[in-house]
Amino acid sequence: DRIAVDRKSRWYELSMRQMELLCKHADKFVIRLPDFHGVSDALCSIRGGTNLAFDIYDRPDKIQWACGKVVAAWKEAWDEAHTVLSKVQPGSCIWLGMWHPGRLEVIQEDFADNLSVDQYREHFLPHDRLFCQHVDRTVFHLHTTMMRYQEVVFDVPEIAGGQFVPPHAPGKIDPLPISSELAMFQRLQKAGKKTWYLFIDEEDMKTAILNCDPRHLFLISPVLNSRA
């Protein structure tokens, strides 16, 4: 019946302690914010995936109540973490390896992979938008199996762009050529959003640069040996 920041919990104390220790080395490294995910992932941690899936059908009113509590706790915890970091470095860094001079955050909704886009829009997106409005810039993280959520990135003005884990990442079986996804990325760019690629090889990087607006690309290619 109660969802709130518990500053006496072991995990909260460990997280804050870890940040404080890392901040002592801010002259050598960029320190990133903790991974906060999104509202459905927070509720999944509290209720469990199976229970939350049934809650969508059996207790949708309770989901809305719980989401409101999660948003309030999220803002409170995020502000405290950012305050600690802002004492030793400007801006914000997130686990995607991205830095922003203001308040940057990534929304990651792994539980939403189990939902239809309409279900996510109805139950969780309004609350994730409150997350986005609390910071200056937000990236929406999509797994390969969540590419159907690209329309959320298109439609929601508070989301600055999408970060994708492409199915053609090195090391995966039968990788797909990037050419099979160019149309989707081009649509994303025309919508005024930004596209982030992770783990693409040299040939795919060339294809992306030649066929997409380079001003709307953030490409990372792995270095597999010292001569690369």
Side-chain angles (χ1 to χ4, degrees), residues 1-26 29-47 49 52 63-113 120-121 123-143 146 149 152-153 156-165 193-194 196 198 218:
D1 294 332
R2 182 176 179 271
I3 299 176
V5 177
D6 182 3
R7 292 175 180 79
K8 295 182 179 180
S9 75
R10 178 172 180 265
W11 298 115
Y12 188 85
E13 290 181 348
L14 284 174
S15 295
M16 296 303 292
R17 178 58 178 161
Q18 182 183 51
M19 287 184 57
E20 291 170 354
L21 290 173
L22 289 171
C23 285
K24 294 180 179 180
H25 303 279
F29 308 101
V30 176
I31 313 301
R32 72 168 178 85
L33 288 161
D35 188 1
F36 283 91
H37 279 243
V39 66
S40 77
D41 278 7
L43 285 181
C44 183
S45 296
I46 296 171
R47 292 284 294 148
L52 182 57
I63 285 184
Q64 295 307 302
W65 172 86
C67 284
K69 295 293 185 180
V70 167
V71 169
W74 185 97
K75 291 180 179 180
E76 192 175 333
W78 194 95
D79 284 347
E80 291 185 11
H82 187 264
T83 297
V84 171
L85 290 182
S86 64
K87 294 177 181 179
V88 295
Q89 68 183 29
S92 307
C93 180
I94 55 178
W95 64 267
L96 297 175
M98 301 174 188
W99 178 88
H100 186 268
R103 294 157 61 90
L104 173 67
E105 187 50 86
V106 54
I107 298 296
Q108 179 174 343
E109 291 285 29
D110 293 347
F111 176 79
D113 197 10
Y120 171 72
R121 285 183 180 274
H123 298 289
F124 300 111
L125 178 57
H127 304 281
D128 278 339
R129 291 183 73 171
L130 295 177
F131 285 2
C132 300
Q133 293 165 10
H134 189 66
V135 297
D136 299 323
R137 195 171 185 85
T138 307
V139 178
F140 198 96
H141 169 72
L142 300 173
H143 290 293
M146 291 182 67
Y149 278 82
V152 174
V153 179
V156 179
E158 291 90 350
I159 297 175
Q163 178 269 329
F164 301 94
V165 179
K193 304 298 182 180
K194 292 190 176 181
W196 283 268
L198 289 182
F218 188 104

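Atom OH of Tyr12 has more than 12 heavy atoms from other residues, nucleotides or ligands within 6.0 Å.
Contact between Val139 and Gly162 at its shortest, heavy atoms only, is CG1-C, 4.2 Å. Ala81 and Met19 make their closest contact through O-CE, 3.2 Å (heavy atoms, listed as atom of the first residue, atom of the second, distance).
Looking at Glu20 and Lys24, their side chains never come closer than 4.5 Å, going by heavy atoms from C-beta outward. Side-chain contact between Tyr149 and Glu109 is absent, with no heavy atoms from C-beta onward closer than 4.5 Å. Residues Phe140 and Val156 are not in side-chain contact: their nearest non-hydrogen atoms beyond the backbone lie 4.5 Å or more apart. Between Phe131 and Thr138, every side-chain heavy-atom pair lies at or beyond the 4.5 Å cut-off. The side-chain heavy atoms of His141 and Trp95, taken from C-beta on, include a pair separated by under 4.5 Å. At a threshold of 4.5 Å between non-hydrogen side-chain atoms, the residues Gln163 and Val106 do not count as touching. Cys23 places none of its side-chain heavy atoms less than 4.5 Å from the side chain of Gln89.
Proximity of a side-chain donor or acceptor of Trp99 to a complementary backbone N or O of Leu104 within less than 3.5 Å is not detected.
Under the side-chain hydrogen bond (donor to acceptor under 3.5 Å, both in side chains) criterion, His127 pairs with Gln64, sequence neighbours left out. Remark: His37 pairs with no residue by the ring pair (Phe, Tyr, Trp, His ring centres under 6.0 Å) rule, at least two apart or across chains. Contacts of Asp113 classified as side-chain hydrogen bond (donor to acceptor under 3.5 Å, both in side chains), with partners at least two apart in sequence or in another chain: Thr145. Applying the side-chain contact (heavy atoms from CB on, under 4.5 Å) test to Cys44 and every residue at least two apart in sequence or in another chain returns Leu52, Phe111.
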Discussion item. With side-chain contact (heavy atoms from CB on, under 4.5 Å) as the criterion, how do Trp74 and Leu130 come out once you've worked through the C-alpha distance, each side chain's angles and the decisive distance to 0.1 Å?
Written reply: CA-CA 10 Å; Trp74 185 97; Leu130 295 177; over 6 Å; no
Worksheet item: Should Ile159 and Asp128 be marked as a side-chain contact (heavy atoms from CB on, under 4.5 Å) after you check the CA-CA gap, both sets of side-chain angles, and the distance that decides it?
Response: CA-CA 10 Å; Ile159 297 175; Asp128 278 339; over 6 Å; no
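Atom CG of Asp110 is separated from atom CG of Leu142 by 10.5 Å, given to the nearest 0.5 angstrom. Between the CG atom of Leu22 and the CZ atom of Arg17 there is a distance of 10.5 Å, given to the nearest 0.5 Å. Expressed to the nearest 0.5 Å, how far CG of Leu85 lies from OG of Ser92 amounts to 8.0 Å. The CD1 atom of Ile46 sits 12.0 Å away from atom NZ of Lys69, with the distance rounded to the nearest 0.5 Å.
For residues 5-15, the salt bridge (charged side-chain N to carboxylate O under 4.0 Å, His left out) pairs, not counting sequence neighbours, are Arg7-Glu76, Arg7-Glu80. Listed by first then second residue, pairs satisfying salt bridge (charged side-chain N to carboxylate O under 4.0 Å, His left out) with a partner in residues 88-105 read Asp79-Arg103, not counting sequence neighbours.
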